[in-house]
Structures are given as structure tokens and as C-alpha cells.
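All remarks here apply to the structure that follows.
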Amino acid sequence: MPKYNMGSTSDMRKFQRDLEKTAKDKAVEIISGSAIPIECPFCNAKLEARAGVILCPKCGNKINLEFNFKL
């Protein structure tokens, strides 16, 4: 972990950027690995899915679930 001079304005800006980046990276990591409730776009079945290609257990159609993060 880098050291920051708490009395330095430039170090505080760097600390804020580093903190925001760490928080965003952790959020992306958690969300990407979590199952989320979705509805099949083909048969409207409710299911839980992770990012990637899955098969709907009801109709068998492929669903490509991607997360687009705007950071």
C-alpha cells in the first residue's frame, strides 16, 4: 500500500483516486461472480444466472449474459 502525506493536496487527490479505483474494482469483482435473478428473453422463465452463456432450464435456449460496467 502506498504511503500518503495527509497534509499534501496532491497526495490527497492521489489517495482519493486510488480509493475509488479499489472500490470500483472490488464491486466489479463481486458483481461479476454473483448470480443475479433474470428472466429468460425467450420464455419469460425466472432464473438465477452468472455472466456468460447459459441454457434456460425451461426452454433450452442459450442466453448470453454480459455485464457492461460504466466506471
Side-chain angles (χ1 to χ4, degrees):
M1 178 118 212
K3 293 186 179 185
Y4 303 97
N5 177 355
M6 296 298 171
S8 167
T9 303
S10 63
D11 271 14
M12 288 295 86
R13 281 193 299 266
K14 183 177 179 185
F15 174 71
Q16 181 180 1
R17 282 192 308 269
D18 290 348
L19 185 61
E20 287 175 359
K21 182 180 182 334
T22 301
K24 287 176 183 178
D25 290 347
K26 189 64 177 173
V28 167
E29 177 186 325
I30 290 169
I31 293 168
S32 295
S34 300
I36 61 164
I38 66 166
E39 192 172 286
C40 175
F42 304 101
C43 70
N44 299 323
K46 293 181 181 354
L47 58 133
E48 297 232 344
R50 288 183 166 74
V53 178
I54 62 164
L55 295 177
C56 174
K58 185 174 178 185
C59 69
N61 281 304
K62 287 184 183 180
I63 303 168
N64 186 7
L65 182 62
E66 295 180 8
F67 296 115
N68 295 318
F69 298 100
K70 294 182 181 178
L71 303 175

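A quick note: this is a predicted structure, and the numbers were derived from the prediction, not measured.
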With clusters defined by side-chain heavy atoms of hydrophobic residues (ILVMFWY) lying less than 4.5 Å apart, directly or transitively, does F67 cluster with I30?
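Different clusters.
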Which atom pairs, one a donor and one an acceptor, fall under 3.5 Å between side chains of residues 45-56 and the rest of the protein, sequence neighbours left out?
from: K46; atom 1: NZ; to: E39; atom 2: OE1; distance (Å): 3.3
from: R50; atom 1: NE; to: G33; atom 2: O; distance (Å): 3.1

When the side chains of residues 58-65 are checked against the rest of the protein, which donor-acceptor pairs come out under 3.5 Å, sequence neighbours left out?
from: N64; atom 1: ND2; to: E66; atom 2: OE2; distance (Å): 3.3

*Which residues pass the side-chain hydrogen bond (donor to acceptor under 3.5 Å, both in side chains) test with T22, sequence neighbours left out?*
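side-chain hydrogen bond (donor to acceptor under 3.5 Å, both in side chains) check on T22 returns nothing, list empty.
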Just distance, no hydrogens or angles: give the donor-acceptor pairs under 3.5 Å from side chains in residues 8-17, sequence neighbours left out.
from: S8; atom 1: OG; to: S10; atom 2: OG; distance (Å): 3.2
from: S8; atom 1: OG; to: D11; atom 2: N; distance (Å): 3.3
from: D11; atom 1: OD2; to: N5; atom 2: N; distance (Å): 2.7
from: Q16; atom 1: NE2; to: E20; atom 2: OE2; distance (Å): 3.2

